[in-house]
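Worksheet: one structure, shown below.
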Amino acid sequence: MIPGKFDYYAPTSVDEAIDMLVTHGSEAKILAGGQSLIPAMRYRLAVPEVLIDINGLTDLNYLKQVNGHLAIGAMCREVDLEESDVVQSQYHLLADAAEVIADPLVRNQATVGGNIAHADPANDHPAVMLAYDATVVAKGPSGERTIPIDSFFTDLFESALSEQELLTEIRIPTPGANSGGAYVKLERKVGDYAIGAVAVQLTLAADGTVAAARIGLTNVYYMPMRATGAEAALIGQDPSDEAVLEAAGIAAAAECDPSADLRGSAAYKRDVIRTLAKRAITKAVERAR
Amino acid sequence: MSQHNVSININGTEHSHDVDARLLLVHYIRENCDLTGTHIGCDSTSCGACTVIVDGRAIKSCTMFAVQASGKEVETIEGVADGGLHPIQEGFWEMHGLQCGYCTPGMIMCAKTLLEKNPDPTEEEIRWGISGNLCRCTGYNKIVEAIQYAAEKINQPEAASA
């Protein structure tokens, strides 16, 4: 399968890339890892007239711990998360996700920024970043701005980024003491989208109850979603109580809205979410202790 | 549609052509450079038959444009044997790691970077490492054994050839 025709540009600086976005606007797509975009172009689901390849922006290829957060540059590849000691030792939720995204060959090329900018509810990072309460940094012709993840995703494949803005960085707050996170995903096979997945990041109080919790769900809603009902069912409660876990699981299953497809019926997916939520919470609690 | 002059070092040889921006790297390798060892399987970023190594990392060449690889070093199955068979190729031969052989070039390219990164992988690490490469014949057991054979040979060249 051969993609449609397009003009290709390879800027060498962020400012040059933004100038190109300003010039080409809605006709242009940013090419980062390309692991969602190029398949969509081969199927002609996407037929952009202009591709702006940001692989040459090597100053966006970083992953570093700064001022209380993990800064992930737009050209940081998924494999870099897997190979990062900081991620593996301090960001367990992110580390869990990094090893179940697509497959190893795709992860060698795919970027974290692209996974988020694509705003696909079936992608793994949106739920992860919702659970982390991450911040997206975007740069456009009028300068840089930060977008809280809660207001980043606006619809299916739609985000708060304007056509003239480039996602340049994602910031994940460094988990504090007594914090833990986990990502639990059910997939039919490696490389397929999740049947469902649950991202949990929580903090325990001194008495062992849940002081704070954020939960994101993958591929069970028309856009990336937070399971605020499940969060409410946890906060202030003892997570070692099976009834508390079950209540959180039931809340998550009730508030998602999966579509029936070849991966299962809506009822099946809701039950998957109920079960995965309980597992993810349990794993996050173990890590927080 | 924009045209671009690309120069790609494939297996140590410089290749240079004017290509359409939309030309995929796998088509460039096969059709412009006549290196047909790199296979097209699914054409949908699923199967890994088109796996090549670009600047040290194994990627699916159906999911990269040729213009993106300009200036980079690409290694394909044709560049693996050096005089005799590479230990991974020998492993596939000795351990019956292939039946129809269609997935084999991709499997070998993936295994090559896997062993470069992790010279002594466990069976689970091998299975995980090749999880982006589909084989519809072998059931994978013989492929895993082929890679284990290669790892042993690379780590202890004398013991394995004795």
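Just the heavy atoms: all of them, side chains too, but no hydrogens, waters or symmetry mates, feed the values below. Chain A is the first sequence line, chain B the second, and so forth, proteins listed ahead of strands; every chain is numbered from 1. What you are looking at is a predicted structure, and each value in this text was computed from that prediction instead of being measured.
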So which part of [X] gets closer than 4.5 Å to some heavy atom of chain B, the side chain, the backbone, both or neither?
| X | value |
| --- | --- |
| A/Leu31 | side chain |
| A/Tyr9 | neither |
| A/Glu83 | side chain |

Would a 4.5 Å heavy-atom cut-off, applied to side chains only, mark [X] and [Y] as touching?
| X | Y | result |
| --- | --- | --- |
| A/Val79 | B/Lys117 | yes |
| B/Gln3 | A/Tyr8 | no |
| B/Thr45 | A/Ile38 | no |

Got a donor-acceptor contact below 3.5 angstrom from the [X] side chain to the [Y] backbone?
| X | Y | value |
| --- | --- | --- |
| A/Arg42 | B/Asp43 | yes |
| A/Gln35 | B/Thr63 | yes |
| A/Asp7 | B/Ser2 | yes |
| A/Asn108 | B/Arg57 | no |

Next item on the list: For each of B/Gly48, B/Ser46, B/Cys62, B/Cys110, tally heavy-atom pairs with chain A at distances under 4.5 Å, and name the one with the top tally.
Entry: B/Cys62

Note to self: Counting heavy-atom pairs under 4.5 Å with chain A, which one of B/Val67, B/Leu23, B/Ile40, B/Ile59 comes out on top?
What the structure shows: B/Val67

Margin query: Please classify the contact of B/Gln68 with chain A as side chain, backbone, both or neither, using a heavy-atom distance under 4.5 Å.
Written below: both

Margin query: Please classify the contact between B/Ser44 and chain A as side chain, backbone, both or neither, with a heavy-atom cut-off of under 4.5 Å.
Written below: both

Next item on the list: Begin from the C-alpha positions of A/Phe6 and B/Met1 and carry the test side-chain contact (heavy atoms from CB on, under 4.5 Å) through to its verdict.
Entry: CA-CA 5 Å; A/Phe6 60 89; B/Met1 172 171 52; 5.8 Å; no

Atom [atom1] of [X] with >12 non-hydrogen neighbours under 6.0 angstrom:
| X | atom1 | answer |
| --- | --- | --- |
| B/Glu14 | CD | yes |
| B/Leu85 | CG | yes |
| B/Asn5 | CG | yes |
| A/Asp85 | CG | no |
| A/Lys29 | NZ | no |
| B/Tyr140 | OH | yes |

Checklist line | Which atom of B/Trp128 lies closest to which atom of A/Pro104, heavy atoms considered | finding: O-CG, 3.3 Å

Margin query: Holding to salt bridge (charged side-chain N to carboxylate O under 4.0 Å, His left out), I want the full list of residues that pass it with B/Glu123, two or more places apart in sequence or in another chain.
Written below: B/Arg127

Next item on the list: Please round to the nearest 0.5 Å and tell me the distance separating atom CG of A/Asp53 and atom CZ of B/Phe65.
Entry: 9.5 Å

Check: When rounded to the nearest 0.5 angstrom, what distance separates CD in A/Gln109 from OG in B/Ser61?
Finding: 11.5 Å

Item checked: Short N-O contact, B/Lys60 and A/Asp103, less than 4.0 angstrom -> yes

